[in-house]
Amino acid sequence: MEQNAELGDFLRTRRARLSPADAGVVPGRGIRRVPGLRREEVAYLAGVSADYYTRLEQGRHPHVSETVLDAVARALRLDDDERGHLFDLARPRTTHPRRRRPERVQRVRPEVHQMLDVLNGVSPAFVANHRQDVLAANQLARALITDWDTLPYRERNFARYILLDPGARELYLNWHEVAETVVADLRLEAGRHPDDARLNQLIGEAVVKVPEFGSWWDSHRVARCVHGTQRFHHPVVGEITLHHETLAFPADAGQTVCVYTAEPGTASAQALALLASWSAPHNTAAPEPTEADPGAA
């Protein structure tokens with residue numbers, strides 16, 4: 001029933017945001033008591049009966065065909081992420097709890113570590129999994145955002161840092177925008193991995209500790225953190241604006257790499273270069289030879 005309730009809430013929020021004009025529906029007579037589309041209007045657009053759609057939205061229809069889900073997604077004008085989320089929520093769940101297997105430790109391939117090292121001089125980059133656990137990061141990423149390597153293992157998580165670390169609100173000039181997108185990503189992954197205990201614990205902690213989290217979560221917005229612009233006020237280099245791209249590794253299921261770049265020739269590019277220089281390991285010069293040194297000329 002909890003799964004069906006999630007499906008119903010998601011459908012209601014998607015229906016509420018879509019006006020009759022946007023959907024190409026001629027508004028019926030009478031006072032509209034709901035924002036957006038009425039249930040019967042969605043049913044009409046999807047080609048199903050109003051009773052069928054009502055039962056679907058109320059969580060009273062446990063088995064829904066892909067054909068119907070496709071029709072509902074088109075009627076509500078869902079994007080790709082939202083459509084995938086709809087299918088995830090509608091997927092039948094077993095009522096018998098399965099014996100939980102120990103979670104397999106995720107490894108980052110040596111070639112990926114090498115790639116992070118190559119990027120280190122020019123681009124902050126880190127590798128994360130579906131719940132945004134940071135599995136590896138180059139030194140420039142740790143200098144830009146936070147040094148995850150110094151944190152306890154279970155706290156090495158990008159979403160946790162953004163939502164729960166007070167330093168994130170000071171570092172990100174557009175913190176609300178970044179945090180809201182992080183929540184939308186968590187919402188998407190929670191639909192795909194409803195039995196992920198650590199993901200659910202993170203969400204539960206954020207509900208209690210982050211004042212804004214409840215309204216963001218209840219909006220049922222879903223989106224992947226695939227690209228965007230983030231603005232920082234860094235304590236070492238000052239204000240810096242970076243673009244980030246998140247790329248998937250086809251050979252490593254669930255792992256993605258997030259790479260930050262600055263527009264060439266800008267103050268942000270200069271600031272990033274300065275940060276790279278500041279954070280680079282200091283080379284220890286060889287001692288000058290002395291008369292007692294066998295290597296002296």
Side-chain angles (χ1 to χ4, degrees), residues 2-3 5-18 34-36 76 78-82 84-86 88-89 124 126 128-134 137 141 144-148 151-152 154-194 196-235 239-246 256 258 260:
E2 181 180 354
Q3 176 71 22
E6 284 287 311
L7 174 61
D9 289 343
F10 177 68
L11 290 173
R12 280 189 288 274
T13 59
R14 301 309 91 182
R15 175 165 59 87
R17 72 175 182 177
L18 195 60
V34 295
L76 293 173
L78 304 186
D79 62 25
D80 289 342
D81 289 337
E82 292 169 331
H85 188 62
L86 173 65
D88 288 333
L89 295 179
F126 65 88
N129 62 10
H130 71 276
R131 74 171 76 92
Q132 302 185 39
D133 292 330
V134 177
L144 173 68
I145 304 173
T146 191
D147 192 350
W148 290 286
L151 300 176
R154 286 186 173 270
E155 296 182 14
R156 299 176 187 179
N157 181 284
F158 181 75
R160 174 180 289 277
Y161 169 74
I162 292 295
L163 296 173
L164 299 174
D165 193 318
R169 292 179 183 253
E170 298 179 6
L171 177 64
Y172 286 85
L173 292 173
N174 60 334
W175 179 85
H176 280 85
E177 178 185 342
V178 173
E180 190 172 0
T181 302
V182 164
V183 173
D185 189 89
L186 290 177
R187 184 50 115 161
L188 185 68
E189 293 300 338
R192 297 179 62 191
H193 305 276
D196 188 319
R198 287 178 58 190
L199 178 59
N200 291 329
Q201 289 169 4
L202 172 60
I203 293 168
E205 189 173 352
V207 168
V208 174
K209 295 182 179 180
V210 182
E212 302 91 342
F213 187 89
S215 62
W216 291 337
W217 189 258
D218 290 344
S219 74
H220 285 264
R221 179 191 170 207
V222 291
R224 299 180 188 277
C225 299
V226 290
H227 61 81
T229 299
Q230 295 178 359
R231 296 165 45 236
F232 303 84
H233 187 275
H234 195 274
E239 292 192 13
I240 180 171
T241 299
L242 300 177
H243 181 81
H244 72 88
E245 289 284 344
T246 301
T256 58
C258 181
Y260 293 83

Novice: Using 0.5 Å steps for rounding, measure from the CG atom of D9 to the CZ atom of R14.
Specialist: 11.0 Å
Novice: Any heavy-atom pair between the side chains of R231 and T241 that's under 4.5 Å?
Specialist: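 T241 vs R231: side chains touch.
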Novice: Quick check against the 3.5 Å criterion: does T256 have a side-chain atom that pairs as donor or acceptor with the backbone of T246?
Specialist: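 No; zero donor-acceptor contacts below 3.5 Å.
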Novice: With sequence neighbours excluded, what pairs up with Y172 under the side-chain hydrogen bond (donor to acceptor under 3.5 Å, both in side chains) test?
Specialist: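 Not a single residue meets the side-chain hydrogen bond (donor to acceptor under 3.5 Å, both in side chains) criterion with Y172.
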Novice: Taking side chain to side chain donor-acceptor pair (under 3.5 Å) as the criterion, tell me which of Q132, R224, R131 meets it with D185.
Specialist: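 Among the candidates, only Q132 passes.
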Novice: Looking at R156 and W148, would you say the former's side chain and the latter's main chain have a donor-acceptor pair under 3.5 Å?
Specialist: yes
Novice: Do side-chain atoms of H234 reach the backbone of E239 as a donor and acceptor pair under 3.5 angstrom?
Specialist: no
Novice: For the atom pair SG (C225) and CG (L186), what is the distance rounded to the nearest 0.5 Å?
Specialist: 8.0 Å
Novice: Between atom CD1 of I203 and atom CD of E189, what is the distance when rounded to the nearest 0.5 Å?
Specialist: 10.0 Å
Novice: For atom NE2 of H227, is the number of surrounding heavy atoms from other residues, nucleotides or ligands below 6.0 Å larger than 12?
Specialist: no
Novice: Applying side chain to side chain contact (heavy atoms under 4.5 Å, CB included) to W217 and V207, what does each step give before you reach the verdict?
Specialist: CA-CA 9 Å; W217 189 258; V207 168; 5.7 Å; no
Novice: Sequence neighbours left out, what passes side-chain hydrogen bond (donor to acceptor under 3.5 Å, both in side chains) with R160? Give chain and number order.
Specialist: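 Checked R160 against side-chain hydrogen bond (donor to acceptor under 3.5 Å, both in side chains); matches are E205.
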Novice: When rounded to the nearest 0.5 angstrom, what is the spacing between CZ in R15 and CZ in R12?
Specialist: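 Going from CZ on R15 over to CZ on R12, the span is 7.5 Å.
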Novice: Do any N or O atoms from the side chain of D88 and from the backbone of P194 form a donor-acceptor pair under 3.5 angstrom?
Specialist: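 The answer is no, because no donor-acceptor pair under 3.5 Å joins these two groups.
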Novice: Taking all atoms of both residues into account, what is the closest heavy-atom pair of A179 and L163, and its distance?
Specialist: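 Here A179 and L163 meet closest at CB-CD2, 4.0 Å.
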Novice: Should the ring pair Y260 and F232 be called parallel, tilted or perpendicular, given that the plane angle runs from 0 to 90° and is split at 30 and 60?
Specialist: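 Taking F232 first and then Y260, their aromatic rings stand perpendicular (interplane angle over 60°).
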Novice: Check L144 against P124 and note the closest heavy-atom contact, atom names and distance.
Specialist: CD2-CG, 3.8 Å
Novice: Can you name the closest pair of heavy atoms from D196 and L199 and give their distance?
Specialist: OD1-N, 3.0 Å
Novice: State, with a plain yes or no, whether a side-chain heavy atom of H130 is found less than 4.5 Å away from one of H193.
Specialist: yes
Novice: For W216, which of V183, V182, T181 qualifies under side-chain contact (heavy atoms from CB on, under 4.5 Å)?
Specialist: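 When V183, V182, T181 are each tested with W216, the side-chain contact (heavy atoms from CB on, under 4.5 Å) holds only for V183.
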Novice: Measure the shortest side-chain to side-chain distance between L86 and L11 over non-hydrogen atoms and say whether it is less than 4.5 angstrom.
Specialist: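 When only atoms from C-beta onward are counted, L11 and L86 do touch, with a gap below 4.5 Å.
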Novice: Could you tell me whether E82 and R187 make a salt bridge, using a distance below 4.0 angstrom between a side-chain N and a carboxylate O?
Specialist: no
Novice: What distance do I162 atom CD1 and N157 atom CG have between them, rounded to the nearest 0.5 Å?
Specialist: 10.0 Å
Novice: State, with a plain yes or no, whether a side-chain heavy atom of F213 is found less than 4.5 Å away from one of V208.
Specialist: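 F213 does not reach V208 side chain to side chain.
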Novice: Write down the atom of L164, the atom of V210, and the distance for their closest heavy-atom approach.
Specialist: CD2-CG2, 3.7 Å
Novice: For residues 161-182, which residue pairs qualify under salt bridge (Lys or Arg N to Asp or Glu O under 4.0 Å), counting only residues two or more places apart or in two chains?
Specialist: R169-E212
Novice: Would you say V134 and Y161 make side-chain contact, with heavy atoms under 4.5 Å?
Specialist: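 Counting from C-beta outward, V134 and Y161 never come under 4.5 Å.
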Novice: Going by the angle between their ring planes, with limits at 30° and 60°, are H85 and F10 parallel, tilted or perpendicular?
Specialist: perpendicular
Novice: With the side chain counted from C-beta on, respond yes when T146 and L171 share a heavy-atom pair under 4.5 Å apart, and no when they do not.
Specialist: no
